[in-house]
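Treat the numbers as computed from the prediction; the structure is a model and nothing was measured.
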Amino acid sequence: MKKLALNDEILLKIEKPARYIGNEINSVIKDPAKVDIRFAMCFPDVYEIGMSHLGMKILYEMFNRRDDVYCERVFSPWPDLHKVMKEFQIPLFALESQEPVKDFDFLGITLQYEMCYTNILQILDLAQLPYHASERTDSMPIVIGGGPCTYNPEPIADFFDLFYIGEGEISYDELFDLYRKKKQEGFDRQDFLRSAALIPGIYVPSLYHVTYHPDGTIAQMQPLLDQVPQKVCKQVVMDFTNAIYPEKPVVPYIKVTQDRVVLEIMRGCIRGCRFCQAGQIYRPTREKEVETAKRFAKNMLESTGYEEISLTSLSSSDYTQLEELITYLMEQFQDKGINISLPSLRIDAFSLDVMSKIQDIRKSSLTFAPEAGSQRMRDIINKGLTEEDILHGAKLAFEGGWQKVKLYFMLGLPYETQEDMQAIAKLANRIAVCYYEIPKEQRNGKCQITISTSFFVPKPFTPFQWAQMCKEDEYLRRAKIVNDAVKDQLNRKSIKYNWHEADVTVLEGVFARGDRKLASVIVSAYEDGALFDSWSEFYDPSHWQHAFEKNGIDPDFYTMRERSEEEIFPWDFIDNGVSKEYLLREWHRAREGIVTKNCRMQCSGCGANQYGGGVCFENQD
């Protein structure tokens with residue numbers, strides 16, 4: 001087999017070689033010989049996606065602030081380079097030093113989306129490391145996973161030595177200090193893992209044993225050692241204002257998905273939508289103090305040269321100091337050509353006023369997520385929006401000069417009827433009516449309403465975790481109902497309808513809700529050619545069909561049944577800070593169509609007040 005290093009000749013033959021060369025503005029360069037720990041921070045997707053991920057930027061900054069740690073970046077090689085690396089046995093390398101990942105102390109993999117699971121195996125494969133943690137030796141890096149998918153890490157548990165559950169700003173220092181100590185004493189991998197399992201938020205899958213009932217459901221999950229905790233507790237950074245943040249983020253040479261400065265103004269959400277995993281796992285809601293936010297914004301814009309800043313959170317409208325922050329940014333930067341973007345705004349008078357000041361209305365579209373077309377369904381999912389709210393907001397927007405509106409909905413939600421599906425088209429039509437009620441001379445061109453529907457996945461740690469999913473053909477049948485209903489609307493020429501891929505959604509649901517038995521399926525799919533499954537041009541369902549058949553696993557077991565209230569979930573070993581009793585109570589309220597007020601209006605008793613801060617703390621009597 002031929003062997004060589006990545007060189008200019010190879011780079012000139014592949015797409016976008018700037019993905020692999022490093023040396024970008026603000027990237028960190030250290031002498032590897034002068035650090036104790038080398039950490040390869042990996043996002044298992046292409047560079048343009050990974051470089052847009054905020055969590056990775058925060059940890060890169062945090063780790064590199066330590067003199068004894070050198071954190072470098074790694075991304076999934078695109079298929080063209082993947083083929084070359086396999087052919088010539090070029091080991092996967094980190095961007096900063098261009099040195100092989102297999103020589104690092106840690107390989108940290110960000111787990112953002114279930115459809116990237118075959119890319120995890122690509123990373124291990126190209127790094128020339130065994131897929132399974134049980135086969136790794138003392139000289140190989142510790143493979144650790146973090147991110148939203150760790151709230152059910154079981155389908156990929158066999159591939160990881162450790163998982164970090166929760167927000168990374170808390171326990172990594174303790175983990176690194178332990179690693180240094182163990183290296184000085186003479187490193188033993190198993191001894192390190194046993195000790196690491198005692199650090200809050202660290203989950204070591206090999207130290208837990210799972211047993212099953214004859215029907216395939218989990219009977220028990222128990223630690224193998226007495227000192228290993230029964231429950232792994234989510235880590236939460238409560239001093240959000242003073243938490244580490246990258247004021248000099250790395251600036252890519254090529255355009256990436258989020259090609260702008262990103263300022264996180266708030267973490268968590270007060271709304272409590274019953275389908276939304278992020279709204280549960282990031283509780284309690286915490287805000288960044290506005291003076292700190294101003295300083296971060298100024299420093300990031302000056303250190304990067306970007307001409308746009310995005311103020312990000314799960315619900316930006318709920319940031320109590322938004323008006324002051326926006327006013328500051330406009331006064332300081334708008335005459336310098338800096339654009340301000342505000343994702344996740346609710347359509348109300350305040351938000352629309354803010355957006356009218358920061359956007360070119362003639363070029364921009366208004367994005368809104370009612371999630372369901374009927375009031376009945378919005379109450380079931382606890383969206384907290386009435387049709388009057390939606391139409392009033394749309395009317396204000398149209399009067400303010402907008403004529404392009406994007407509406408996001410879900411299909412396949414629990415208790416959904418055909419009337420609920422058809423209501424999506426009817427709501428879009430009523431919004432169009434609002435536009436055409438405005439005198440013609442005051443309109444800003446033709447009304448354009450784009451409806452997009454995704455398909456529902458009942459994620460862990462949501463009130464809908466007991467719900468069943470639909471089959472692929474049923475999702476598509478529901479999309480057809482919406483499409484036909486759009487054609488029946490008076491303003492159908494103003495309405496465009498798009499829907500998500502149903503087969504990808506079902507597979508996402510399998511891995512979101514699955515257990516350890518699925519690891520063999522992922523290996524089989526990868527070895528059959530599955531890679532970059534989150535990209536429609538690469539996704540091939542036949543790889544997965546063969547993999548499930550080969551391993552004798554029925555994917556419907558994980559998705560096509562409503563789970564009993566007594567069933568043990570694969571993720572029940574995690575203490576998410578939100579009680580199962582609360583989630584079950586919300587599941588019952590959904591069935592009855594009862595709305596739960598948001599956290600600022602009334603405490604719902606979810607359990608997140610145990611952290612002693614955020615909205616929970618503020619609302620205590």
Looking at [X] and [Y], would you say the former's side chain and the latter's main chain have a donor-acceptor pair under 3.5 Å?
X: T285; Y: V615; value: no
X: D389; Y: T386; value: yes
X: D161; Y: V143; value: yes
X: Q610; Y: G607; value: yes
X: Y164; Y: T150; value: no
X: S52; Y: Q258; value: yes
X: S494; Y: A432; value: no
X: T417; Y: D420; value: yes
X: R516; Y: P205; value: yes
X: N551; Y: A547; value: yes

Please report the closest heavy-atom contact between [X] and [Y], naming both atoms and the distance.
X: M238; Y: Y611; result: SD-CB, 3.7 Å
X: P155; Y: F511; result: CG-O, 3.3 Å
X: M377; Y: Y415; result: SD-O, 4.0 Å
X: L54; Y: T312; result: CD2-CG2, 4.3 Å
X: D45; Y: S534; result: OD2-OG, 3.6 Å
X: W544; Y: A530; result: NE1-CB, 4.1 Å

Between [X] and [Y], does any side-chain donor sit less than 3.5 Å from a side-chain acceptor?
X: E567; Y: H213; value: no
X: W571; Y: Q465; value: yes
X: R274; Y: T596; value: yes
X: Q375; Y: R378; value: yes

For the residue pair [X] and [Y], establish whether any side-chain heavy-atom pair is separated by less than 4.5 Å.
X: K57; Y: E264; value: no
X: F548; Y: D554; value: no
X: V482; Y: W499; value: no
X: S310; Y: P343; value: yes
X: M469; Y: V457; value: yes
X: F569; Y: I218; value: no
X: E154; Y: N152; value: yes
X: D575; Y: C233; value: yes

Decide if the gap between the ring center of F275 and the ring center of F456 is smaller than 6.0 angstrom.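 No, the ring of F275 stays outside the 6.0 Å limit from the ring of F456, centre to centre.
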Please confirm whether the ring centroid of Y203 lies under 6.0 Å from the ring centroid of Y208.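 For Y203 and Y208, the ring centres are under 6.0 Å apart.
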From CA spacing to verdict: side-chain contact (heavy atoms from CB on, under 4.5 Å), I120, Y526: CA-CA 10 Å; I120 295 170; Y526 175 69; over 6 Å; no
Can you classify the ring geometry of W587 versus W466 as parallel (below 30°), tilted (30 to 60°) or perpendicular (above 60°)?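 W587 and W466: parallel rings.
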[X], [atom1]: over 12 other non-hydrogen atoms inside 6.0 angstrom:
X: H392; atom1: NE2; result: no
X: K406; atom1: NZ; result: no
X: K597; atom1: NZ; result: no
X: K580; atom1: NZ; result: yes
X: Q230; atom1: CD; result: yes

T453: which residues meet the side-chain hydrogen bond (donor to acceptor under 3.5 Å, both in side chains) condition with it, sequence neighbours left out?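 Testing T453 for side-chain hydrogen bond (donor to acceptor under 3.5 Å, both in side chains), a comparison that skips the adjacent residues, returns Y497.
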Interatomic spacing from [atom1] in [X] to [atom2] in [Y] - rounded to 0.5 Å:
X: H132; Y: L121; atom1: NE2; atom2: CG; value: 8.0 Å
X: F409; Y: F455; atom1: CZ; atom2: CZ; value: 14.0 Å
X: I265; Y: L342; atom1: CD1; atom2: CG; value: 7.0 Å
X: D379; Y: L385; atom1: CG; atom2: CG; value: 10.5 Å
X: L531; Y: Q122; atom1: CG; atom2: CD; value: 4.5 Å
X: L314; Y: C276; atom1: CG; atom2: SG; value: 6.5 Å

Worked check of side-chain contact (heavy atoms from CB on, under 4.5 Å) between L518 and Y117: CA-CA 11 Å; L518 291 172; Y117 282 178; over 6 Å; no
Presence of salt bridge, [Y] and [X], under 4.0 angstrom:
X: E287; Y: R600; result: yes
X: R271; Y: D318; result: yes
X: R477; Y: D473; result: no

Residue pairs involving residues 407-416 (criterion salt bridge (charged side-chain N to carboxylate O under 4.0 Å, His left out); sequence neighbours excluded):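 Matches after skipping sequence neighbours: E416-R478.
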Chi angles and distances behind the side-chain hydrogen bond (donor to acceptor under 3.5 Å, both in side chains) call for D515, Y558: CA-CA 9 Å; D515 54 27; Y558 299 103; 2.8 Å; yes
In sequence, state the C-alpha distance, the side-chain angles, and the governing distance for R267 and E167, and then conclude on salt bridge (Lys or Arg N to Asp or Glu O under 4.0 Å). CA-CA 10 Å; R267 195 171 291 177; E167 297 171 0; 3.2 Å; yes
Which is it for Q280 and Y582 under the side-chain contact (heavy atoms from CB on, under 4.5 Å) test, yes or no, and what are the steps along the way? CA-CA 11 Å; Q280 303 294 338; Y582 156 76; 3.5 Å; yes
Here's one to test your reading of the geometry: is the NZ or CZ of K234 within 45 degrees of the ring axis of F461 and under 6.0 Å from its centre?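 No, K234 does not lie over the aromatic ring of F461.
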Between T217 and R563, does the side-chain contact (heavy atoms from CB on, under 4.5 Å) criterion hold? Intermediate values first, please. CA-CA 10 Å; T217 60; R563 303 202 180 188; over 6 Å; no
Side-chain donor-acceptor distances from residues 501-510 under 3.5 Å, at least two apart:
| residue | atom | partner | partner atom | Å |
| --- | --- | --- | --- | --- |
| T505 | OG1 | E501 | O | 3.0 |
| E508 | OE2 | K459 | NZ | 3.3 |

